[in-house]
Structure formats: structure tokens, C-alpha cells
Amino acid sequence: MITVPNLTPVAEPLHVGEQIFQPEFGRIRTVEQVGPLEKLFTIELPGGKSLDHRPGQFLEVSILGVGEAPISISSSPSRSNGVFEMCVRKVGDVTSAIHRLQSGDKIGLRGPFGHGFPIEKFRGKDMLFAPGGLGLAPLRSLINQVLDERALFGRVILLYGAKTPPELLFKDELREWAERSDIELHLSVDRGDETWTGNVGVITTLFKFITVNPRNTVAVTVGPPAMYRFVLMEFMGMGIPEGNIYLDLERRMKCGVGRCGHCQINNIYACQSGPVFSYKDIKGLEEAL
Amino acid sequence: MSKRIDVHHVTRVEGHGNIVVEVAGGQLKECRFDVVETPRFFEAMLIGRPYLEASHITSRICGICATGHATASLRASEKALGVELSEQSQQLRKLTFHGEQLDSHVLHIYMLVAPDFLGVGSVIPLASSHPEVVLRALRMKKLAGDICAVVAGRHTHPIAMTVGGFTHFPKVSELQDLRRRLIEGRADVDATVDLFASLPWPSFDRDTEYVSLTKPDEYAFIDGEIITSDGARLPAENYQQVTNEHLVQHSTAKHTRHLRNSYMVGALARFNNNYEQLHPRAKEAAQKLGMKPKVTNTFLNSAAQVVEIVHCSEDAIQIIDQLLAKGVHPEAPAPVRQTGGEGVGVCEVPRGMLVHHYWIGEDGKMTGANCIIPTNQNLANLEQDMQALVPQILDKPVEQMQLDLEMLVRAYDPCISCSVHVLKVETK
Amino acid sequence: MSLKIIQKSEILDFIHRLLPDYRVVGPVESNGGYAFEEISDPADLRLNYTTTILPPKKFLLPPQELLFKFDNTNGGHLQPGPEREPTVIFGVHTCDLHAIQLLDAVFTNGFADPNYLRQRQQTVLISVECLTPCDENSFCKSMGTLSADEGYDLHLTDLGDAYAVDIGSQKGEDLLLDYAASKDAAPEEVQRLNAVLSEKWPKFPYRLDFDVSDLPSLLSLSMKSPLWAELGERCLACAACTNVCPTCFCFDIKDEVEMDLKHGQRVRIWDSCQLDEFATVAGGHNFRKNKALRQRHRFLRKGKYILDAHQQLGCVGCGRCARACLVDITPVGVFNELYRQTQVEGKL
Amino acid sequence: MSQNGKPKVAFFDFTSCEGCQLTVVDSLQDHPELLNAVEIVQFREAMSEKGEDYLVAFIEGSCTRASDEARLKKIRQQAAVVVALGACAHLGGVNTLKYLHPLDEVRQYVYGDKAGWYDTYDARPIEAVIPVDYFIPGCPIDRDEFLATVKALLLGKKPPIPDYPVCVECKLKENTCLFTLGKVCMGPVTRAGCKAICPSYGQSCEACRGFIPDPNDSSMREVLAKHGLTPDEITTMYTMFTTYQVREKLMQRASTHE
Ligand SMILES: Cc1cc2nc3c(=O)[nH]c(=O)nc-3n(C[C@H](O)[C@H](O)[C@H](O)COP(=O)(O)OP(=O)(O)OC[C@H]3O[C@@H](n4cnc5c(N)ncnc54)[C@H](O)[C@@H]3O)c2cc1C
Ligand code: SF4
Ligand code: SF4
Ligand code: SF4
């Protein structure tokens with residue numbers, strides 16, 4: 001039998017008006033190259049409105065004439081200042097068009113969509129983050145919120161892997177975090193280069209450096225589909241309960257409101273019930289992993 | 001004085017051809033039109049294919065006279081298999097044929113010929129210098145293409161025409177709409193006649209043998225007998241007596257000759273041979289253009305196309321009226337009476353007489369084919385014209401000579417992509 | 001509500017009177033079969049049609065639908081899609097009526113879809129009672145869609161020379177009063193209606209070998225059935241099955257621009273889970289990577305997933321997909337085979 | 001880019017019927033504003049001027065002789081974007097029917113004892129000679145698709161050429177399926193985009209737009225057989241425009257079986 005998770009929305013999208021398909025326009029404040037193919041965009045909403053998102057939520061980003069792409073919000077709600085951030089990897093039509101935008105340009109936005117991370121359930125827990133590659137972009141939102149509420153959490157452990165050293169994103173922030181004593185940071189790359197002195201190997205090779213209290217740990221992973229199976233095995237191997245493991249299931253998405261069918265995983269729509277799921281809720285779904 | 005003119009890939013013609021003229025000491029030494037288009041071997045490609053495919057394959061000989069090739073092809077198969085077309089099918093065939101004739105003539109006179117007279121290099125600068133002319137041409141072309149689309153799905157590579165008839169039938173409302181547009185389009189047709197009547201056509205005279213199809217009751221486009229201005233008249237099946245195809249080394253296209261060293265086919269030949277059967281409005285247009293048979297100025301082939309634009313538009317209206325009067329009735333293709341055989345299909349495509357000669361085996365597969373293309377038939381005549389023209393323009397600067405020669409080539413509206421479908425005459 | 005009678009000869013006048021105020025849609029002859037089309041000549045309407053290739057859904061959720069227009073000259077100015085026309089759809093079979101009820105739920109639950117609802121609110125549905133099966137492919141009786149007690153504005157039953165008219169809504173009643181010449185049914189007409197209805201049921205066979213209420217659990221048990229791989233071998237992935245289905249609603253969203261690249265429109269177009277690209281993301285990863293998985297998804301959606309989400313089955317038994325499939329993949333065949341397999345395994 | 005900011009485009013033709021170029025001209029009938037969006041610097045069929053500084057090259061026709069290769073390579077060197085225009089360039093097209101007969105026989109049949117005069121080899125798609133960025137399929141191309149491709153290139157997008165089969169468009173047109181009418185059709189395995197024009201006009205799809213990326217060939221052949229086609233007739237259906245592709249596939253299969 002397949003299980004039907006009963007997932008109730010935790011956050012209502014704020015910027016979905018009656019015309020659910022019509023984007024609003026934000027304005028780009030800054031653009032920063034943060035990886036070989038990745039740019040970080042700082043965006044403000046009209047009238048200084050705040051986005052009021054939850055970490056883990058995403059927006060449908062529009063370039064009129066080119067199309068829409070779902071992009072996670074990378075900044076933490078705790079640091080909004082009337083702006084938010086998105087990190088975009090250039091892989092195709094829409095993302096390339098986004099990359100052509102400059103500060104001052106308008107950008108179409110719908111959302112935020114989806115559930116975010118249930119952060120209130122995480123408070124008091126140790127946090128183990130294991131993003132891969134571009135996965136740090138969405139997870140950064142949660143990490144920074146946790147750091148901003150540092151006292152409310154136990155340990156904060158971050159294992160981050162990328163293919164090569166230049167592909168490690170947000171290097172300034174990584175450096176900052178490395179200097180903090182209240183974060184345990186471990187980095188790895190699949191293939192090193194002459195500058196690299198750290199760990200070489202896929203992200204799972206970092207798990208040997210840490211020990212956790214499984215009963216009190218929330219583990220979160222975001223990354224490419226191929227990575228999940230292995231990271232989940234590590235989490236479970238450490239004894240972390242399935243209900244405390246969270247992951248982000250990204251699918252093709254067109255509407256963001258649970259209708260177009262592209263993001264469907266068996267009987268659930270990832271855009272609505274996800275994209276963040278607890279492993280317990282989706283492990284019975286044939287098509288999830 | 002010696003000059004060499006070498007126009008590599010004459011532009012604004014269909015397909016690739018080169019002009020080579022060499023003059024030494026005031027004497028014309030060499031004068032050639034080389035066809036360098038890649039050979040295409042359609043006749044051989046047909047062998048072994050089911051006859052039902054033949055018209056789809058041969059329409060790909062030429063995108064500009066695709067409907068013409070398809071029609072000749074179907075007529076060849078229908079003759080070979082003893083298929084009798086219904087009156088409705090014949091009307092529909094004629095209607096879509098007119099569509100193509102109009103499309104091709106408009107393309108040729110406006111986009112390829114007019115720029116020479118209006119002092120621009122092509123239709124693209126013409127669009128900024130004479131936008132109303134270009135927009136009119138586009139309007140007329142669209143209507144022409146839509147006639148084909150309504151009847152056969154599209155102009156380039158028609159779909160609904162098949163051996164024995166059609167696989168799709170136009171709606172009454174579609175025909176009514178075409179009729180309305182054709183009537184409204186008379187204004188554009190008249191403006192076309194006026195424009196081309198005002199152009200300074202080069203003077204040039206060289207009588208030749210004009211060859212076309214002819215029919216007792218109408219200006220021949222599909223079927224008929226072969227007639228020549230030198231007095232010959234023979235059944236289409238005997239086309240080889242006229243065409244006498246032979247190979248020449250400088251050309252991938254075969255040349256032809258009949259009673260003289262060369263002959264001409266095309267709008268001018270049709271005009272000269274079948275003038276009496278033109279629609280009265282077309283005759284009026286001819287008068288405006290100062291044309292009365294027999295016209296021996298090759299440049300006026302384009303003017304004869306203008307006359308045919310009038311004729312085809314008017315005849316299309318009449319055909320639609322007849323169809324509307326009887327109503328369009330979907331019908332299955334007429335039956336095939338015999339399993340295999342040999343047949344000759346002829347029609348007058350925009351550039352002249354086209355022959356498809358097929359052999360179909362008992363199993364319904366093609367065993368042999370021969371296609372005689374108008375441009376091939378014209379090549380020898382074109383060279384003779386060039387030889388006559390060069391001495392008249394010898395004292396002009398090379399660029400001007402070159403342009404004059406190119407204009408002469410373009411007057412033939414040569415379709416070189418068609419013309420390389422040369423083939424051996426004997427089969428099996 | 002009360003039962004009315006409208007003479008068959010009155011239907012033409014009814015439509016004539018509607019035409020100035022409504023877009024009138026109904027089954028007409030087309031390509032040797034029937035199709036729902038806009039009607040300009042009332043005589044074209046064929047209320048006794050069998051079935052159509054596309055369901056009347058195409059007038060509520062058009063294959064290509066304008067979401068909004070944009071003008072990009074200064075960063076983006078949006079203009080919503082055109083107003084929808086008041087429409088009367090004649091001749092909706094009860095299977096399609098059930099399908100429309102499902103679409104209503106789908107496009108209302110959660111974020112209501114203004115595009116669908118704008119058209120839907122302006123649409124009057126006039127359904128007809130089916131008195132003989134369309135053909136051997138329909139299995140409405142098994143799916144419980146051979147009749148409908150709600151969802152229509154007016155419902156017609158053929159009594160021979162007249163139609164019995166059930167009024168299903170105020171909208172329907174108003175339309176009938178304003179545009180049609182009808183009268184109250186006399187007792188003998190009510191009797192005739194009852195007779196017609198009771199005669200029709202035996203003419204429709206059950207085609208499923210089990211009760212449809214078992215379908216969702218049957219499908220849950222069949223996730224690993226070898227049948228999916230067999231279907232995958234055969235399936236041409238032509239998407240005919242989903243394109244003709246009255247309950248399929250998945251879509252894609254695309255931008256189209258004018259030649260100036262500034263003006264354009266965003267459109268919604270029908271999409272299909274049977275196509276390779278449907279669940280493929282940038283980088284080429286396909287979450288349903290073969291035809292077998294896509295067929296499984298299709299049938300689970302029809303018999304279970306949609307039910308989970310909207311409390312209605314995602315198949316109404318119209319048989320269109322069965323007619324359209326060149327390799328004979330049919331819901332009846334698949335569901336019965338899965339049932340047979342679970343019987344053999346002693347599961348259900 | 002030219003000074004006016006319009007990208008320069010050029011059209012080239014190889015072995016073809018020039019129907020695709022004609023379709024380009026036809027597309028101007030409804031969209032003359034195309035001339036405002038790009039600057040056409042070469043188009044032999046329609047103009048005499050010749051510019052060599054093009055950014056985008058649209059190439060019509062298949063490569064049918066060794067001397068075509070040099071010309072193709074030169075175009076590739078100049079053009080930032082090469083687009084195959086129509087079936088001949090995209091697939092080899094109808095010209096590849098030559099393959100079905102040994103080449104010498106073909107030449108002999110047409111040119112008799114003069115066969116040696118003419119230079120020709122097996123027709124092939126231009127992709128067999130130079131890298132091709134995009135293709136506009138069809139014999140001939142579809143006007144709307146041509147315009148959509150130009151717009152996409154101007155916007156820096158992939159041209160919107162569908163990957164799904166003709167049946168999708170055929171169903172949306174509510175055609176009665178040809179198989180139901182006792183005919184046959186290649187629609188289920190053929191790339192859409194033509195609006196199913198052939199079935200809509202009562203004729204089989206002949207796969208002029210090439211195959212979809214992952215066609216179910218074995219099932220398709222079974223369908224054709226079930227509708228009465230002999231293996232020989234099935235081959236005929238599969239080879240009208242796509243002899244090159246069918247042959248490549250056979251050779252691939254042969255080499256993996258070795
Ligand atoms: C919830 C979610 C969050 C995401 N967050 C980010 C992010 O923060 N940063 C980032 O760079 N990327 C993110 N992605 C991936 C991003 O959406 C895709 O890379 C993007 O849609 C590709 O579109 P394109 O037009 O550039 O590429 P193309 O390859 O040209 O895309 C073609 C079409 O496929 C669809 N598509 C392709 N890949 C995806 C995909 N992975 N997800 C959804 N649709 C896809 C798009 O709708 C597009 O129309 C996220 C995806 C999802 C689902
Ligand atoms: S799945 Fe098939 S039978 Fe069921 S509603 Fe859709 S088209 Fe009709
Ligand atoms: S006619 Fe051809 S394209 Fe149309 S549905 Fe049938 S098989 Fe598909
Ligand atoms: S239906 Fe087939 S043959 Fe006809 S245009 Fe489309 S792809 Fe080409």
C-alpha cells in the first residue's frame with residue numbers, strides 16, 4: 001500500500017492575488033557572481049513590502065517573453081530589510097535570461113509557494129545540515145535564521161560538498177561561519193585543485209568527522225536527486241529518526257499551486273505539500289527518491 | 001577589347017546557374033549558361049516506390065512549382081492506371097493549379113524582376129523604397145497560397161491531391177471567402193498590370209519556336225496536345241519528338257531541341273499559341289502591355305506572366321462559381337482500372353510545359369520514370385538569346401552587360417532546381 | 001424541481017433565440033463522427049450523437065488559453081486575458097458532466113483558478129440522458145456516471161417527439177423561461193420518462209469485473225504489478241489518451257512574443273504526463289523515466305490520486321482513451337487485468 | 001550585429017527544392033515586420049546583394065557531393081549560430097531515397113554513359129558534415145515555426161520545436177484517426193509542429209519532420225503490421241524522408257551486435 005501523507009499548509013502565500021498567474025514586479029538591487037554559473041540577486045518588492053516567507057519556500061520567477069522558473073528564496077526572513085535574495089544557476093532559457101538582468105531591472109515574481117521548513121519544531125534541537133552544490137542556496141535561508149536565533153538551538157553542524165573548489169557557493173559566508181565557534185563546518189569537494197587543502201570526496205565522506213545525539217538532532221539535506229539516497233543512509237545510520245530528517249524535492253513546476261501536474265510525486269504535488277518534506281512522510285512514495 | 005563575364009550563381013532565380021561569356025577582340029568567343037545545381041536523380045529515386053507516393057516525391061523536385069509537379073505526376077499515374085477523374089476533381093485540380101500559377105508569377109515579377117527595373121538590388125530594399133509595391137505583392141501571394149491551402153492543404157508540397165482525386169474537400173464557406181477575396185483582389189491585379197505596363201522593357205527580338213500545350217476548349221494548363229508556333233501539333237504521348245533531350249557537359253541539366261536549334265516554353269509560348277482562349281480581361285491587360293501575338297521579345301515573358309495573372313484570377317472565380325453552384329461533395333478517389341501500365345502526364349507549369357512519363361508495375365510500384373522540365377527545354381534557347389544579345393550590348397561596361405545578361409536569364413524565370421532532373425529516356 | 005417538457009421541434013427556436021446572447025456549443029457532425037463545436041446554424045445540432053473525440057472540456061479549459069498579455073517596453077505591464085463569453089453547452093453526456101464536476105473541484109480547491117472559473121461561471125450546461133451505449137468502449141455504468149442528479153443546469157431526456165427537461169439550477173430555469181417554449185410535464189409524460197429511464201439501464205453492460213469502490217485499493221496494491229512494464233512496451237507515448245480525456249487537466253505554461261519581442265502573451269496549453277519531457281528537469285533527470293512508469297502514473301491518477309485529492313474518481317468511463325489508443329491500452333482492460341492479478345495472488 | 005542593432009542573417013541552399021526558402025518568403029506575407037527585426041545579408045533566391053558578416057546562417061538542402069562540404073565548413077566558420085532549415089538539411093530528406101539503390105545504378109539510370117561527368121555521393125543531413133545548433137524540421141518547414149525560431153533566437157532561447165509526436169496535434173484538431181479509416185500513418189513516432197497537416201488533409205503522415213527522441217519503433221511496426229502492411233511496405237513508410245536515420249540506426253544496431 002502507498003501511504004497518503006496528510007500535510008496541511010503551514011504558510012499562506014502572500015503575493016498570490018486573485019490572478020494567480022500574473023506576476024508582481026520586484027526590482028533588482030544588486031547582482032553578485034557567487035559561483036562559476038551562479039549569481040546572487042538582491043531584490044526589493046514594490047512599496048518596500050516584505051516577502052514574509054519561510055525558509056524553504058520558493059518563488060516562480062518570470063522573465064516576460066521567456067518564461068518562468070521556480071527559484072528558492074536564499075535569504076533568511078530574519079534579515080529581510082525590505083529585500084530578499086535568490087541564487088540562480090544558469091542552466092537554460094529562463095535562468096540565462098535572469099542572468100542577463102542588472103541592478104535596477106524589474107523581475108516578475110509569484111509566490112512564495114510551498115511549505116517551508118517547520119522551524120518551530122526545530123527549536124531546542126541540534127541541527128545537522130548537509131547540502132550539496134546548489135542545495136546550499138535554499139538551505140542558507142534556514143541556516144541564517146537558525147544563526148540569528150542561535151540561542152534557541154543546540155549544536156549547528158554544516159557538512160557542505162561541491163564538485164570542485166570554485167563550485168563551493170557563498171565563500172564569504174563559509175569563511176565567516178568557519179570562524180565562528182558555534183558552528184561546526186566541514187567542507188569537501190569531489191575533485192580538488194592546487195588551492196585545495198581540505199577533504200576530497202563526495203559529501204558522505206564528511207560524516208566520519210562528526211558524531212551526533214540522534215534523539216535530539218534534526219538533519220536536513222538539499223541537493224541533486226542522485227545525492228539523496230546516500231546522505232539519507234548516513235543520517236539513518238546515525239540513528240536519526242525518519243521524522244527528524246528533512247529534504248527538499250525539486251521537480252519541474254509550472255503553476256506553483258498544485259494543478260499543472262509536473263511536480264506530482266505519486267499522489268502529492270511537491271509545490272504544495274513540499275518542496276520540503278520530512279523523510280517519514282515521503283519514504284512510502286515510489287516516485288519520491 | 002576582351003572581356004570575360006562570369007556570374008557565379010545567378011541570383012534571384014530558383015537554383016544555381018552560372019553565366020560565362022567571353023569576348024575577345026570585339027568577337028563573341030564563348031557564351032554559356034552553366035547549370036551547376038547538384039544533380040538530384042528523382043527519376044531513379046521513384047523506382048520501387050508505390051505509385052501513390054510518386055506525386056509526394058516529385059513535388060519535392062521544386063518548391064515553387066510543387067503543385068505542378070504533383071499534378072503532372074498524378075496525371076501520369078492516372079493515365080497509366082486508367083483512372084477517370086470526376087468533374088469536381090478536375091475543377092479542384094484546376095483551381096489549385098491556378099493558385100500556384102499566381103503564386104509563382106507574383107513571386108517572379110515582383111520579387112525577382114521588378115527590382116531590376118526599380119533600380120534596387122532586391123525585394124528587401126524594395127520594401128523600404130516602394131513599400132506599397134511589396135505589400136501588394138505579398139497580399140497577392142498570400143491569396144494565391146491560400147487558394148492552394150484551401151484545396152490541397154498547402155502550396156509547397158500539396159497534400160490532399162491523390163491518384164483519382166482528393167482526400168479532403170474545401171468547405172463552401174472557404175470557397176466563398178476565396179471568391180470574395182479574388183473579387184476584391186481585382187484592384188491589386190489591375191495595379192499590377194498598370195505597374196508593369198509602365199516599365200521600360202528592354203527591346204530585343206529573336207524569333208524562335210514557341211512550344212506549349214493546347215486544348216480545344218480552354219487556355220491549356222492541365223492535359224492537352226503539344227502545339228508549336230512553327231506549325232507542329234502532336235499528342236502529348238509523343239513529347240519525345242519535340243524534346244529530344246541531350247546532355248551537354250557544362251550542365252547537369254539536359255538540353256532539348258525540336259525543329260530549330262532551340263525552342264522556348266513558358267508564359268510567352270502559351271500566350272503566343274493560345275492567345276484566343278485568354279479571359280477577356282486578360283486580353284485587355286495584354287493590350288495595355290502592348291502585346292499581341294506573336295511576341296518575339298524574350299524579356300516580355302515576364303509581361304506574359306502578368307497577363308496570365310489576370311487570366312488565372314478570373315478563371316479561378318469562374319471555377320469557384322461553378323463549384324459553388326453544384327456544391328462540393330466529398331467523394332472517394334476514382335477507381336484504378338488496371339494494375340500497372342505506362343502513362344504520360346502533361347501540364348503547363350509557370351515556366352512551361354512539364355512532362356511526367358511513368359511506368360508502373362503490376363505490384364503498384366514504379367518501374368520507370370521520365371520527367372521533362374521546362375527550364376531544361378529553355379536552356380538551349382537561353383544560350384541562343386544570349387548569343388544574340390551580347391553583340392548588341394558589347395560596348396556597355398562589363399557590369400552593365402552582366403546585369404543585362406542576368407535580366408535575360410531572369411526573364412526565363414528559370415527554375416534550375418527543377419531542371420536538374422535529367423534522365424535517360426529509355427527505361428527498364 | 002419540477003419537470004418540464006419541450007417539443008423537439010422547439011429546440012431549433014430555442015437555439016435561435018439564444019444565439020444573439022450566447023455562444024452556443026453542441027455536438028455536430030465532423031470528420032465522419034461528431035465534435036463539440038460552436039453552432040451558427042441550429043440545424044447542425046445532433047443531440048442523439050454517440051461520442052466525440054474531444055470532450056466539451058475544451059470550451060472550459062481550452063487547449064490553448066491566454067492567461068495575460070504583456071507589454072515589456074518598460075519592464076512589464078500586464079493585461080489580463082479577454083472577458084469570457086456567456087456560453088450554453090448543449091448535449092453534455094452524463095459522463096462528461098461528472099468530469100466537469102471534477103474539473104470544478106480541481107480548479108476551485110486551493111488557489112481558485114480565475115481563468116477557468118470566469119468561463120465556468122458564464123456557462124450553462126444542458127446535459128442529455130444517454131439511452132443507449134455510445135459503443136463497446138464506454139463503461140459509464142461501471143464508473144457510476146450513467147446518470148447524474150446534479151451538476152447540470154438543464155437535463156434533457158428524449159421521450160420520442162419531446163424532451164423531458166429537468167431543471168438543475170436557477171440559471172437553467174431562467175434560461176428555459178426566457179428562451180424556450182416549454183410546459184409543465186403532464187402525469188403521463190412523467191410516466192413516460194420513468195418508463196424510458198427504466199428501459200435504458202439493462203441496455204448498458206457493466207464492464208468492470210469488480211465494484212468500482214474497490215478500484216483505489218486495487219491500484220494501491222498494484223504499484224509493483226508486472227502489467228506496467230507490459231504496457232510500457234506497447235505504449236507509443238503519443239499522449240492521445242490524455243488529450244482526449246475529459247478529466248485530464250495537466251498543463252504547461254509558455255510565453256509567446258510578437259516580432260518586436262516586447263509585446264506578447266503567456267498562455268496555458270494542455271500537457272500530458274505521457275510525454276517524455278513532462279517530468280524532466282534541467283540537466284535531463286526524468287522522474288518518470290520510462291513509458292511503464294508513466295502509464296502507471298496515468299492509471300493511478302485516474303483511479304486513486306485524484307480521488308485522494310478531490311474526493312471524485314479521475315475516470316468517468318467515457319471510453320475516449322480506449323477509442324484513441326492504437327495499441328489497445330484501455331482502462332477496462334487494465335483495471336480488469338490488475339483485478340485478475342490480485343485475485344490470483346489472493347490479495348483483494 | 002549590424003550597426004542598427006539587428007542581427008545579420010543569411011540563407012544558403014544546398015540540394016533541395018527551395019520550398020523552405022519559399023516558405024520563408026511566405027512568412028513575410030503575414031509578418032513583414034520580420035524585416036525590421038533582422039538584417040538579411042544573403043538570400044540568393046530573393047536578392048542579389050551578398051554580405052559575408054552574418055551571425056546566423058539558415059541552411060536549406062542536404063549535402064550531396066564532396067564539394068558541398070567545403071562550402072558548409074566555411075559557413076560554419078563564419079556563423080555563430082547554424083540552423084538547419086527543413087527536412088533536407090535536418091534529415092537528408094527525400095534526397096536520401098537515393099540510398100535505397102546503389103549509387104552507381106542511380107547515376108547510370110539518369111545519366112547513362114555520361115554518368116562519370118557528374119559529381120555526387122549519398123545525400124546526408126548537414127549535421128553529418130558540420131555541427132548544427134538548431135533545426136527547423138519539415139518538408140517544407142512550417143511558417144509559424146520559422147518565425148517562432150527567429151524570435152527565440154533573438155531572445156536567446158532554444159527554438160520551441162516540439163519533442164512530442166504528431167498525434168498530439170492531430171487529436172487537438174479532432175481528426176478521425178487515419179487508422180480508424182483503414183489507412184496508416186507515421187504520426188505516433190513523428191515529431192509534431194506541423195499541426196498534423198497531412199492527417200488533417202486525409203493523408204498519412206510521412207515523417208517528414210523526423211522521429212521523436214524516443215520513438216517506440218517496435219510497437220509502431222507492430223501497429224502497421226496489424227493494419228495490413230507487409231514488412232516491405234513498413235520499410236517504405238519508414239524511409240520517405242528518413243532513410244539516413246533508419247540506416248544509421250541499423251548500422252548502430254549492427255555494430256553493437258558485433
Ligand atoms: C522548488 C524549486 C526550487 C528551485 N530553486 C532553485 C534555486 O534556488 N536556484 C536555481 O538556480 N535553481 C533552482 N531550481 C531549479 C530551477 O527551477 C531550474 O533550473 C529552472 O527551472 C530551469 O529553467 P530554464 O528555463 O533556465 O531551463 P530549461 O532547461 O531551458 O528549462 C526548460 C523548462 O523546464 C523546466 N525545468 C527544467 N528544470 C527544472 C527544474 N529543476 N525545476 C523546475 N522546472 C524545471 C522549466 O520550467 C523550463 O520551462 C529550483 C527548482 C525547484 C522546483
Ligand atoms: S481515462 Fe479514458 S475512459 Fe476514463 S475519463 Fe479519461 S478518457 Fe474517459
Ligand atoms: S491520424 Fe496519424 S497523427 Fe493522427 S492520431 Fe492517427 S496516427 Fe496519430
Ligand atoms: S503530418 Fe507528418 S509528413 Fe505531414 S507535415 Fe507533419 S510531420 Fe510532415
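Sequence lines set the chain letters: A, B, ... in the order given, protein chains first and strands last, and positions in each chain run from 1. Nothing here was measured: the structure is a model prediction, and the numbers come from that model. Below, each value reflects all heavy atoms present in this structure, side chains not excepted, and no hydrogens, waters or symmetry copies.
Few gaps surround CD on A/Q33; more than 12 heavy atoms of other groups in view lie less than 6.0 Å from it. Within 6.0 Å of NZ on C/K69 lie no more than 12 heavy atoms contributed by other residues, nucleotides or ligands. Other residues, nucleotides and ligands contribute over 12 non-hydrogen atoms within 6.0 Å of the NZ atom of C/K58.
Rounded to the nearest 0.5 angstrom, A/R110 CZ and A/E60 CD are separated by 5.0 Å.
Contact count versus chain A (heavy atoms, under 4.5 Å) is highest, among C/L293, C/I306, C/L307, C/T280, for C/T280. In terms of non-hydrogen atom pairs under 4.5 Å with chain C, the most contact-rich of A/G92, A/C263, A/S62 is A/S62. Note: C/L67 leads C/N115, C/L67, C/L261, C/L219 in heavy-atom pairs under 4.5 Å with chain A. Between chain C and the options A/M253, A/R251, A/K254, A/R89, heavy-atom pairs under 4.5 Å are most frequent for A/R251. With chain A as the partner, the residue from C/K254, C/E258, C/R266, C/H285 showing the most heavy-atom pairs under 4.5 Å is C/R266.
Residues C/E83 and C/Q122 have side chains that never bring a donor and an acceptor to within less than 3.5 angstrom of each other.
For a residue to count as touching a neighbouring chain, one of its non-hydrogen atoms must lie under 4.5 Å from one of that chain's; by this rule C/K262 does not touch chain A. Looking at C/L78, only its side chain comes within 4.5 Å of chain A, counting heavy atoms on both sides. For C/N109, the part sitting under 4.5 Å from any heavy atom of chain A is the backbone (N, CA, C, O) and nothing else. Contact of A/V91 with chain C is made through the side chain alone, with heavy-atom distances under 4.5 Å. Of the two parts of C/D271, only the side chain, counted from C-beta on, holds a non-hydrogen atom closer than 4.5 Å to a non-hydrogen atom of chain A. Looking at A/Q264, both its backbone and its side chain come within 4.5 Å of chain C, counting heavy atoms on both sides. At a 4.5 Å heavy-atom cutoff, A/P224 makes no contact with chain C through either its backbone or its side chain.
Checked against a 6.0 Å centroid threshold, the rings of C/F299 and C/F335 count as neighbours. Checked against the 6.0 Å centroid threshold, C/H297 and C/Y305 count as a close aromatic pair.
C/F249 and C/H310 have perpendicular rings, their planes meeting at more than 60° on a 0 to 90° scale where under 30° would count as parallel.
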